[in-house]
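We count ligands from 1, going down the list as the structure has it; atoms in each ligand are counted the same way.
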Amino acid sequence: MIQISVPATSANMGSGFDCMGIALSIRNVVDMELNDGIEITNKYGYDIPSDETNLIYRCAKQVFDICGRALPGLKIIEECNIPMTRGLGSSSACTVAGLLGANELLGRPLKEEDLINLAAIIEGHPDNSTPAIRGGFVAAMLENGKVWQVRVPISNRLKFCVFVPEFELKTEKARAALPETVPFHDAVFNLSRAALLAGSLVAGELHNIIVATDDILHQPYRFELIPQGKEVLEEAKRLGALGAYISGAGPSIVAIVDSVDLGFEKRVKNRFAEVLPEWQPVMLDCDEEGATVTKI
Ligand code: HSE
């Protein structure tokens, strides 16, 4: 039996729409072994597909197909700790788990680069799937089936306060809310902030994050689908966050926090319990490890 562990990811980070993402310290853990048939269970009893339509299974099967090997079946035990359909990369984590698990079972015929490309092609969002594999902060883009990406070390002072609501928002719905074209001004607004964000995270110029996370390419449209989302973001900033943004396609909101601000967590928990009780915050770290595969 092997175990694949994949971190949550938070894409976009505000201005870095479709091109930046960061791995966060909660993980889906998947146990996998070859089996005569398909046997898929979930440790928490979630209602997940337990046949060949299961995402982890489908991704594993794709690796077997690419490598020209028959897949008799798989035993898969899922432990899903990443909230689903909340903009925290849960489907990327399942995609990556299937790909890395199958590659391990086959003796690692595919290189990391192949797996990064495959994950982005299947998932469609290299800004989630790439940091899920590599960990850390990643800029990534997909062109003609190849991911061009870079992982850069960022300031170790950063913490990430994640606000996860009870309701789901499907990525397709959040993408359907976006306009087909944007004014030149809006594109430049985001470009300048995305460049400032990446540079500031790396250089530790934390005072820039408040404007560098601003966005007008996707968040204004998506807030229409996220009741209280804008209030959550503004309240987090008012309470001292360095910046805040819709995580991926939403609905979760992430606030970037300076770890020297020791009172932030208590302040935010007390205030949110009072005014936005459906958005209880969870403090996470940047996950530096990325996806791992071990024998158990
Ligand atoms: N960049 C993608 C989006 C991420 O915002 O739609 C989806 O998880």
Quick check on Asp36: does its CG atom have over 12 non-hydrogen neighbours (other residues, nucleotides or ligands) under 6.0 Å away?
no
A quick test of your reading: do over 12 heavy atoms of other residues, nucleotides or ligands sit less than 6.0 Å from NZ of Lys173?
no
How far does NE2 of His125 sit from OG of Ser92, to the nearest 0.5 angstrom?
7.5 Å
Give me each pair satisfying side-chain hydrogen bond (donor to acceptor under 3.5 Å, both in side chains) with a member in residues 7-19, each pair once, sequence neighbours excluded.
Thr9-Asn128, Ser10-Tyr245, Ser10-Ser247, Asp18-Arg175
Pairs involving residues 198-211, ordered by first then second residue, that meet side-chain hydrogen bond (donor to acceptor under 3.5 Å, both in side chains) (sequence neighbours left out):
Ser200-Asn208
List, for ligand 1, each N/O atom that has a protein N/O partner under 3.5 Å away, with both atom names and the distance.
residue  : atom  : partner : partner atom : Å
ligand 1 : 1 (N) : Asn12   : OD1          : 3.0
ligand 1 : 1 (N) : Asp18   : OD1          : 2.5
ligand 1 : 1 (N) : Asp127  : OD2          : 2.7
ligand 1 : 5 (O) : Asn12   : ND2          : 2.7
ligand 1 : 5 (O) : Arg222  : NH1          : 2.8
ligand 1 : 5 (O) : Arg222  : NH2          : 3.4
ligand 1 : 6 (O) : Arg175  : NH1          : 2.5
ligand 1 : 6 (O) : Arg222  : NH2          : 2.9
ligand 1 : 8 (O) : Asn128  : OD1          : 2.7

Glu172: side-chain contact (heavy atoms from CB on, under 4.5 Å) partners, not counting sequence neighbours
Lys170
